[in-house]
Amino acid sequence: MMNIMIVTNSRYLKTTAVMLYSLFMQEAGPVNVYLPYEDIQPQELEDLQKYVSSFPQKKLIPLYVGTQFKEMVQSRNGIMVETYYRIIGWGMLPDDVERILYLDVDLVIQKSLQGLYNTDLGDHVFAVCEDIFGKINGFHEGNKRRLGIPHEGNYFNAGVMLVNVKALRAGNEVEKILANVYQNYERYEYNDQDVLNEMYQDRLVYVGWDQYNCPPAWYYLNQKKAAAGILEFASYDEIRNLQNDPQKFQDDYTNLTEQIAKGAAIIHHLADTKPWNDNRKAGSVYEYFDQCYYQNEPDALGRYQKVTGKKPGIPSTPFLFYYGVTYCYNILNHILKQLEQALKEKGYRVIAYDEQAEDINGLVQFAGKRFLAVVGVQTYLFSVFLKESNLFLHDVIYGPKLNLILDHPIWLKNQLEQVPDNYFVLTHDVHYQDFVEAYFPMVSGSMLFPPAFCNMHSEDELPPFYARQYDVSFIGTYGDYRKKIKQILECQKDVRHLAAHFLQKMRIRTELTAEAAFQEVLVERKIRCSKEEFLELFFQMKPVMQCIMYYYREKVILHLLEAGVLVHIWGSSWKEAVLADHPMLQIHDDVTPKESIEIMKQSKISLNIMAWHKGGFTERMANIMEQGSILFTDHTTYDDGELCDGKNLCMFDLRRLNELSTRINEVLHNEEIWDQMSLASRMYTSTMQTAKRRTDQLIDFLDQIGGYV
């Protein structure tokens with residue numbers, strides 16, 4: 001039986017859960033955890049008991065010390081030195097407890113503590129860890145600070161302390177020690193060596209700091225003294241001073257930080273070096289120590305949530321975001337940035353990696369590390385393969401891999417057929433979600449995840465109907481479908497005939513998804529094939545899919561122009577279009593995502609023509625609605641319960657374009673209708689299409705697939 005003592009409260013439930021998890025993973029036998037407490041909430045205490053009991057042969061035993069403790073102690077700043085004496089003096093521990101090991105809750109246990117727990121104490125009262133930094137008259141300066149007589153704000157222990165309960169019980173020892181504490185309390189000074197000797201030197205057994213209390217500090221061994229057999233490390237002041245002279249520092253000292261940490265049973269995350277401390281200074285010295293914590297945290301907090309139904313806090317394990325995909329006018333990076341900001345506002349940590357600015361070899365720095373999730377938008381980085389080990393790099397970058405795909409998944413066929421473990425697709429179209437699950441069995445799962453509106457416009461009030469500069473605007477590139485037809489005609493005969501049939505089907509049956517239309521074509525041509533064969537044939541039809549998109553994009557614009565609707569288009573590629581010289585068409589140059597938001601803000605109506613996303617909702621749609629412009633889009637089956645044709649947007653049928661121009665003119669000539677729809681569209685996006693809502697959905701999804709966030 002091992003007896004452990006911890007002190008915690010509501011603020012430290014998360015780290016308590018992690019520390020206990022790491023301890024129980026190393027100790028298979030029975031462990032009683034005693035918890036002197038005062039200010040932890042009853043429900044939290046009950047949850048912590050459930051959590052501890054979920055481990056075999058482990059038990060949490062609360063010891064309430066609040067009211068009585070407050071009345072009797074001399075110094076109050078948390079539960080400090082007198083707690084250790086009082087719980088024994090008051091008889092709060094069972095008689096068969098002869099020793100108890102106190103552990104801070106910001107520790108991570110890497111090896112069994114049986115050796116520490118069974119330290120030969122004799123009649124000594126405590127076993128404590130030495131401090132490595134410097135000695136004064138044979139007494140460690142660090143221990144002098146941390147093991148002094150109780151002082152306001154000063155703790156008796158240095159994170160780890162073995163208490164000889166049997167010795168403290170003998171001969172009224174508790175009362176003698178407390179009397180000495182009170183007698184010397186007022187005259188206590190840090191440099192009062194006599195008091196320290198009187199109080200502790202003959203009562204302490206020292207155990208190795210390198211085994212049992214290793215903090216993420218810089219362990220620089222003095223090489224000259226080491227050669228003479230003296231173990232001495234640079235003090236904190238020496239480290240700071242010597243770093244101004246890097247060459248001398250390198251000549252005089254050897255950095256043993258990582259070697260020491262890898263052999264340590266206990267890693268102690270001190271206040272300024274905790275991995276969840278956003279204010280700590282950056283440094284590679286912390287990387288190993290962070291991983292000691294991160295490899296325990298998700299499992300610990302996930303178990304706590306499973307047992308109690310509650311989360312003890314925001315995890316410290318970070319997200320990893322991949323930036324750098326610059327096509328589509330850099331909008332993909334903006335989508336990621338908003339998600340990152342929303343996560344940070346909730347208290348999550350995010351590490352950003354730019355695939356354009358940094359060498360791909362830089363990804364190796366993340367190997368062996370754990371993340372809540374690795375997130376990218378149509379990134380190829382998940383496909384990086386290590387030939388020498390026959391693994392994807394992301395098989396050794398741990399955590400769910402989430403790739404947000406905004407095109408039809410068939411465009412990423414080669415990537416999706418072979419993926420690392422724990423790989424998920426996020427998509428803005430429900431049909432694309434179905435397609436991934438039907439045709440890419442290597443993908444672990446998928447999620448409907450349309451991007452939120454981009455919050456990068458000014459805080460100025462949105463202009464009213466009469467003050468908006470443009471009646472109808474459209475932002476997007478032009479593609480000539482005629483060139484795609486030529487490409488199709490150059491295919492071999494069997495492919496050409498199949499493609500022509502497919503193109504005709506999509507032109508007539510515009511309500512069908514591309515895959516549904518192609519399936520009908522195969523049935524009509526009496527072609528039977530497996531899923532794998534279908535996928536390969538469908539992949540060859542990509543020019544057809546581009547062709548039909550380009551065809552209807554031009555057809556919609558031409559219809560409006562011929563109906564007398566003045567259309568403003570942003571996209572210099574339209575200057576090459578056959579309708580470029582039409583008098584009702586105003587072509588403008590390309591714009592950035594931020595400039596596009598301003599255009600939407602100045603537009604009464606903004607046009608959206610889907611890239612055949614038959615069940616999708618895009619960031620362009622969300623941006624248009626958020627700016628109070630009336631969204632006109634071809635039909636989508638996307639349904640979140642709030643998107644409503646005629647209320648907060650207008651949908652049109654690609655086969656009945658005469659209705660499109662009629663509805664546009666109705667809105668342009670009725671300010672009251674415009675006002676109602678404009679307000680409804682903004683109300684919709686402010687509740688349903690925000691980065692905060694997407695973040696909540698992402699966190700829920702990660703919880704569902706077994707992560708703790």
Side-chain angles (χ1 to χ4, degrees), residues 1-21 23-24 30-55 57-107 117 125-126 150-157 159-169 172-175 177-179 181-182 185 304 307-313:
M1 170 67 70
M2 179 181 287
N3 296 304
I4 302 294
M5 185 193 299
I6 63 172
V7 176
T8 192
N9 56 31
S10 302
R11 181 179 177 187
Y12 297 104
L13 277 180
K14 178 181 73 173
T15 53
T16 302
V18 176
M19 189 280 283
L20 290 175
Y21 178 88
L23 173 68
F24 297 156
V31 177
N32 281 342
V33 180
Y34 292 89
L35 172 60
Y37 76 96
E38 166 200 342
D39 54 357
I40 189 171
Q41 298 298 314
Q43 185 59 57
E44 292 171 331
L45 187 60
E46 181 180 335
D47 290 339
L48 196 55
Q49 285 181 291
K50 290 180 183 177
Y51 173 68
V52 172
S53 298
S54 73
F55 297 89
Q57 303 186 79
K58 308 301 186 289
K59 185 178 180 181
L60 180 73
I61 304 168
L63 303 173
Y64 180 65
V65 297
T67 303
Q68 193 175 7
F69 181 77
K70 288 179 180 178
E71 292 172 353
M72 298 189 68
V73 298
Q74 294 269 325
S75 174
R76 276 292 296 157
N77 189 342
I79 299 177
M80 301 186 303
V81 57
E82 294 180 60
T83 301
Y84 312 120
Y85 300 124
R86 289 294 181 193
I87 63 171
I88 298 166
W90 294 340
M92 298 179 75
L93 289 175
D95 292 340
D96 61 349
V97 175
E98 296 190 352
R99 62 178 58 200
I100 194 165
L101 176 62
Y102 171 84
L103 298 173
D104 268 358
V105 295
D106 55 0
L107 306 175
Y117 189 77
V125 177
F126 302 110
H151 179 270
E152 195 67 39
N154 185 53
Y155 285 77
F156 177 78
N157 72 86
V160 178
M161 181 169 64
L162 183 63
V163 184
N164 191 340
V165 178
K166 183 177 180 180
L168 283 173
R169 284 196 182 112
N172 204 24
E173 191 72 9
V174 170
E175 294 305 321
I177 292 175
L178 287 175
V181 167
Y182 298 149
Y185 177 73
Y304 188 98
V307 170
T308 68
K310 304 179 183 70
K311 295 183 179 182

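Keep in mind that this is a model prediction, so the values were computed, not measured.
Relative orientation of the F55 and Y21 rings is perpendicular, given thresholds of 30° and 60° on the angle between their planes.
Counting heavy atoms from C-beta outward, V163 and M5 have side chains that stay 4.5 Å or more apart. Side-chain contact between I40 and L13 is present, with heavy atoms from C-beta onward closer than 4.5 Å. Between L48 and L35 the shortest side-chain heavy-atom distance falls below 4.5 Å. Two residues are said to be in side-chain contact when any heavy atoms from C-beta on lie closer than 4.5 Å; F126 and L162 fail this criterion.
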Quiz item: Step by step, would you call L103 with V160 a side-chain contact (heavy atoms from CB on, under 4.5 Å)?
Solution: CA-CA 5 Å; L103 298 173; V160 178; 4.2 Å; yes

Quiz item: Given the rule in the side-chain contact (heavy atoms from CB on, under 4.5 Å) test, do L93 and R169 qualify, once you have shown the distances and angles that lead to the verdict?
Solution: CA-CA 11 Å; L93 289 175; R169 284 196 182 112; 4.0 Å; yes

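Residues that satisfy the side chain to side chain contact (heavy atoms under 4.5 Å, CB included) test with V52, not counting sequence neighbours, are L20, F24, K58, L60. Q57 meets the side chain to side chain contact (heavy atoms under 4.5 Å, CB included) test with P30; sequence neighbours excluded. Q43 meets the side chain to side chain contact (heavy atoms under 4.5 Å, CB included) test with E46, D47, K310; sequence neighbours excluded.
Across all their heavy atoms, P36 and I6 have their closest contact at CD-O, 3.1 Å. Nearest heavy atoms, N3 versus M1: OD1-CG, 3.9 Å. Taking all atoms of both residues into account, the shortest heavy-atom contact from Y304 to E44 is OH-O, 4.2 Å.
No donor-acceptor pair under 3.5 Å is formed between the side chain of D104 and the backbone N or O of D106. Between the Y51 side chain and the A17 main chain, a donor and an acceptor come within less than 3.5 Å of each other. Using a distance-only test at 3.5 Å, with no hydrogens or angles considered, no donor-acceptor pair links the side chain of Y102 to the main chain of V7.
Other residues, nucleotides and ligands contribute only 12 or fewer heavy atoms inside 6.0 Å of the OH atom of Y12.
Side-chain contact of Q41 with S10: a donor-acceptor pair under 3.5 Å is absent, judged by distance alone.
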